[in-house]
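Each remark here refers to the structure printed beneath this line.
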Amino acid sequence: MTRALRLATADHGDRMDLLGTAGDRPLREVLASCEVWLLDPLDEELLERPWSDFAADILLRSEIYPGTPLFAPPGITAPPAATSLTKPPAENTGGVEAAPDAEPADHPDRITDAQAVRLAYYPHIERVASLLRSRLPVLVISEKLIVTHLWEEMVTLAECRGIRLDDDSTDDEGGGRGSGDPVADMNGAQLSTRQRRLARLRAQLEELKEGDVIVLTHLDLLAGSADIGRHAEARELVELLYAFPDQLVLAFADPTLPLPDVLAERFSARVTLSGLPPKVKTPETEETLLGAALVTREEAETFEGFQPREFYKHVAGMNPVRLRQAMRYAHEKHRTQPKRATQQDLRETLLTFKAQQSSHFEVPNVTLGDIGGYDEVKDEIRQTLAIISGAQSLPDDMEEVRSELVPRGIIFYGPPGTGKTLFAKAIANGMNATIQVVSGPEVTDMYVGESERKVREIFASARRSAPSVIVFDEIDAITMERSNRPDGGSRAGNSVVAQILTEMDGFRPEVPMLVIGTTNRIDIIDKALLRPSRFRSIAISLPDVTARRAILRHHAGRYHISLDDEVLELIAEATAGRNGDELRSLMRDAFVGRHMHGIEPDARRLGWLVGRLQQGRLEMISERR
């Protein structure tokens with residue numbers, strides 16, 4: 001069972017050393033090796049457990065909210081400054097300050113979804129309003145959940161009157177343009193919803209007055225498809241908007257629904273809203289941490305030692321409305337518990353909330369300590385996690401360096417059964433991230449453009465659920481080297497590779513995301529993906545005798561099989577060329593034999609299981625010949 005461990009250190013070098021620590025070292029030894037404090041109390045009995053049993057979240061002191069209590073590691077001589085960040089230790093507390101509440105002045109008593117959207121996106125709202133005041137049509141790319149709040153703020157700030165095409169109620173009330181909307185054409189044929197809206201849009205454009213702006217909250221749905229050749233309504237919409245080039249239009253489209261290029265070019269400016277900023281500011285408020293401005297006082301007090309700065313990295317990919325939903329959910333879940341919830345409870349709740357937004361996401365429970373052997377691979381993974389975590393602590397003036405440091409992806413390559421997907425899940429666990437495992441062939445589609453659309457949706461979902469990890473299992477199925485041949489199949493494959501490259505190049509450093517591919521055929525993957533700035537290649541080969549010994553010991557412990565050193569060594573020697581999955585099957589079959597057939601897993605039984613495994617391989621070789 002992996003336990004969360006929150007640590008603080010004053011030195012960036014200590015932080016990197018801790019993140020790169022080998023997993024088999026005892027926790028006591030690791031904590032004593034540098035100047036470090038605990039953000040949560042820790043039982044002394046846990047100090048003898050290996051470092052790999054803990055999911056460590058290591059912060060710099062500069063990242064910690066003022067007033068946060070610090071705890072000296074139990075049974076270890078405290079570092080020179082092991083006290084609270086703001087006050088000396090309180091009396092009779094063993095050198096530890098009682099945990100204060102988060103500063104109440106920084107949190108609002110109440111905040112609506114509309115207020116949250118205004119706070120989070122005010123610079124964008126102001127920019128759009130400025131463009132509208134200049135009589136320039138604007139296209140806003142944003143998630144649909146926030147569109148209602150956005151357009152009202154934008155139109156109000158621009159001092160315009162918004163006429164919303166999608167508001168059917170205006171016709172009944174007679175307050176909007178295009179009342180008396182037709183429901184049938186001149187031949188009496190019934191019109192579709194899209195056709196009725198296009199007819200209403202024509203009437204609105206013809207009658208638009210000075211100071212009015214037409215608001216298209218669902219331009220993507222009105223267009224129907226990026227391929228205007230497939231939809232007559234899309235062609236009519238393009239023709240209609242270009243027929244009135246001087247009329248002011250504010251339109252919205254979801255990032256996962258592509259628009260025809262000719263339609264997007266009708267707008268003078270395009271504004272994209274994605275994720276959340278670390279700080280917010282409006283004309284009425286000073287610059288404030290997002291975790292303070294968008295979290296109410298009651299919600300913050302529910303979680304002991306709530307830290308707005310640390311909170312941000314767990315919600316950076318959400319939109320403001322989704323963040324408010326997540327905090328209401330977390331508050332309701334923990335407010336009635338007899339024991340006050342902790343920061344770790346909040347992180348786990350947020351992770352669960354993000355994972356349940358889609359059936360494709362899961363919360364990983366595999367750690368590097370659950371994988372036997374492969375010490376070199378684990379060290380490489382720890383270094384990668386250290387880079388991801390350490391880059392967040394760089395100063396703001398090193399933004400370009402930060403974007404270059406954070407890896408975009410990893411490709412694990414090697415024979416089947418070597419634990420490539422397990423390593424991917426362990427990385428997601430180390431990042432406190434959700435994980436989405438996608439089989440490469442699932443992305444491919446017979447219709448032109450559908451494969452690219454699926455890729456866009458996968459990445460868009462991952463951004464909303466950040467920190468997140470996308471795992472493309474059998475990635476070679478969708479990223480084979482691009483071809484110059486003129487056949488359509490090759491062109492379709494080329495488009496999928498190009499879409500993945502585009503999505504990866506658009507990663508934001510403050511939104512932790514990682515793409516992991518697994519493959520048995522790295523030789524056929526497009527070379528553009530294998531550049532160091534995109535995918536870092538890590539080989540997962542068949543385990544050597546040392547790794548086989550560690551894998552067998554690990555699975556023997558899981559299945560409660562007793563193995564003395566001599567038997568373990570014999571099995572490790574006898575299973576040369578076997579992968580980790582086959583070694584696990586030995587211990588699993590021994591467990592099944594004991595509990596279902598009453599056969600004790602002694603040396604004779606284990607030897608028989610190894611022999612059966614070898615016989616199966618010989619039969620497979622014989623059949624191939």
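Residue indices begin at 1 and follow the sequence shown. Side-chain atoms are counted along with the backbone in the values below, which use heavy atoms only and exclude waters and symmetry mates.
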- Message: Less than 4.0 angstrom from a charged side-chain N to a carboxylate O is my criterion; do Asp602 and Arg604 meet it?
- Response: no
- Message: Tell me whether Glu48 is salt-bridged to Arg28, with the criterion being a basic N under 4.0 Å from an acidic carboxylate O.
- Response: yes
- Okay, side chain of Thr518, backbone of Thr421: is any donor-acceptor separation there less than 3.5 Å? no
- How are the rings of Phe423 and Tyr374 set relative to one another: parallel (under 30°), tilted (30 to 60°) or perpendicular (over 60°)? perpendicular
- One should read off an interatomic distance between Gln436 CD and Ser461 OG, to the nearest 0.5 angstrom, of 6.0 Å
- Query: Can you name the ring-ring contact (aromatic ring centres under 6.0 Å, His included) partners of His334, sequence neighbours left out?
  - Reply: Phe303
- Task: For Glu376, look at atom CD and say whether over 12 heavy atoms of other residues, nucleotides or ligands are found less than 6.0 Å away.
- Result: no
- For the pair Arg553 (side chain) and Arg548 (backbone), establish whether a donor and an acceptor sit closer than 3.5 Å, ignoring hydrogens and angles. no
- Less than 4.5 Å apart, any side-chain heavy atom of Arg578 and any of Leu542? no
- Atom of Phe591, atom of Tyr559 and distance for their closest heavy-atom approach: CD1-O, 3.2 Å
- Non-neighbouring partners of Ser537 that pass side-chain contact (heavy atoms from CB on, under 4.5 Å), sequence neighbours left out: Tyr413, Ile522, Leu530
- Query: Taking only residues two or more places apart in sequence, or in another chain, which ones meet Ala590 in a side-chain contact (heavy atoms from CB on, under 4.5 Å)?
  - Reply: Ile561, Pro601, Leu606, Leu609
- Task: Starting from the C-alpha separation in whole Å, work towards a yes-or-no answer on salt bridge (charged side-chain N to carboxylate O under 4.0 Å, His left out) for Glu503 and Arg456.
- Result: CA-CA 7 Å; Glu503 297 290 345; Arg456 282 193 298 270; 5.5 Å; no
- Message: My understanding is that only residues two or more places apart in sequence, or in another chain, count here; which of them pass salt bridge (Lys or Arg N to Asp or Glu O under 4.0 Å) with Arg322?
- Response: none
- Item | Thr418 side chain to Gly414 backbone, donor-acceptor under 3.5 Å | no
- Task: Flag the pair Arg612 and Asp589 as a salt bridge only when some basic side-chain nitrogen lies within less than 4.0 angstrom of an acidic carboxylate oxygen.
- Result: yes
- Query: Just wondering, do Arg49 and Pro26 contact through their side chains at under 4.5 Å, heavy atoms?
  - Reply: no
- Does atom NZ of Lys339 have more than 12 heavy-atom neighbours, drawn from other residues, nucleotides or ligands, at distances under 6.0 Å? no
- Item | Distance-minimising heavy-atom pair for Val496 and Val455 | CG1-CG2, 4.3 Å
- Please test Phe459 against Val515 for side-chain contact (heavy atoms from CB on, under 4.5 Å), starting from the C-alpha separation and ending with a verdict. CA-CA 9 Å; Phe459 278 87; Val515 180; 3.6 Å; yes
- In short, Arg408 meets Met504 closest at the heavy-atom pair NE-O, 2.9 Å
- Task: Kindly write out the residues that satisfy side-chain contact (heavy atoms from CB on, under 4.5 Å) with Glu143, not counting sequence neighbours, or none if the list is empty.
- Result: Asp254, Asn319, Arg464
- With no hydrogens and no angle check, is any side-chain donor or acceptor of Lys354 less than 3.5 Å from a backbone partner on Val315? no
- Query: In Å and rounded to the nearest 0.5 Å, what is the CD to CG distance from Glu310 to Leu346?
  - Reply: 8.0 Å
- Going by heavy atoms in the side chains, are Leu368 and Asn429 under 4.5 Å from each other? no
- Message: Can you confirm whether Ser33 sits close enough to Arg25 that some side-chain heavy atom of one is under 4.5 Å from a side-chain heavy atom of the other?
- Response: yes
- Query: Can you name the residues that form a salt bridge (Lys or Arg N to Asp or Glu O under 4.0 Å) with Arg584, not counting sequence neighbours?
  - Reply: Asp581
- Query: Can you check whether Ile475 reaches Phe535 side chain to side chain, under 4.5 Å on heavy atoms?
  - Reply: yes
- Please report the closest heavy-atom contact between Pro415 and Ile540, naming both atoms and the distance. CD-O, 3.4 Å
- Query: What residue among Leu583, Thr546, Asn579 forms side chain to side chain contact (heavy atoms under 4.5 Å, CB included) with Ile551?
  - Reply: Leu583
- Met431 and Ile427: side-chain contact (heavy atoms from CB on, under 4.5 Å), yes or no, with the steps? CA-CA 6 Å; Met431 292 174 58; Ile427 288 176; 4.1 Å; yes
- Nearest 0.5 Å, what's the CG-OG1 distance between Leu613 and Thr575? 8.0 Å
- Query: Charged N to carboxylate O below 4.0 Å: is that the case for Arg588 and Glu582?
  - Reply: no
- Item | Minimum side-chain heavy-atom gap Val471-Val437 below 4.5 Å | yes
- Worked verdict on Lys420 versus Asn520 for side-chain contact (heavy atoms from CB on, under 4.5 Å): CA-CA 10 Å; Lys420 296 183 289 292; Asn520 308 328; 3.5 Å; yes
- With a 4.0 Å cut-off, would you call Glu380 and Arg536 a salt bridge? yes
- Task: State whether Arg453 and Glu457 are salt-bridged, where the test is any N-O pair (Lys NZ or Arg NE/NH1/NH2 against Asp/Glu carboxylate O) under 4.0 Å.
- Result: yes
- Query: Got a second to check how far Met513's CE is from Thr434's OG1, nearest 0.5 Å?
  - Reply: 9.0 Å
- Trp51 versus Leu7, closest heavy-atom pair with distance: CH2-CD1, 4.0 Å
- Message: If the threshold is 4.0 Å, N to carboxylate O, is there a salt bridge linking Glu600 and Arg594?
- Response: yes
- Atom pair OG1 (Thr519) and CG (Asp473), whose distance is rounded to the nearest 0.5 Å: 9.0 Å
- Task: Measure across Leu351 and Ala433 and return the closest heavy-atom pair with its distance rounded to 0.1 Å.
- Result: CD1-C, 3.6 Å
- Query: Do Tyr329 side-chain atoms and Thr349 backbone N/O form a donor-acceptor pair below 3.5 Å?
  - Reply: no
- Query: Does the pair Thr302 and Arg340 meet the rule for a side-chain contact (heavy atoms from CB on, under 4.5 Å), with working shown?
  - Reply: CA-CA 7 Å; Thr302 302; Arg340 192 175 179 191; over 6 Å; no
- Message: Within this structure, what is the CZ-OG1 distance for the pair Arg347 and Thr352, rounded to the nearest 0.5 Å?
- Response: 13.0 Å
- Flag the pair Gln343 / Gln307 as yes when at least one side-chain heavy-atom distance between them is below 4.5 Å, and no otherwise. yes
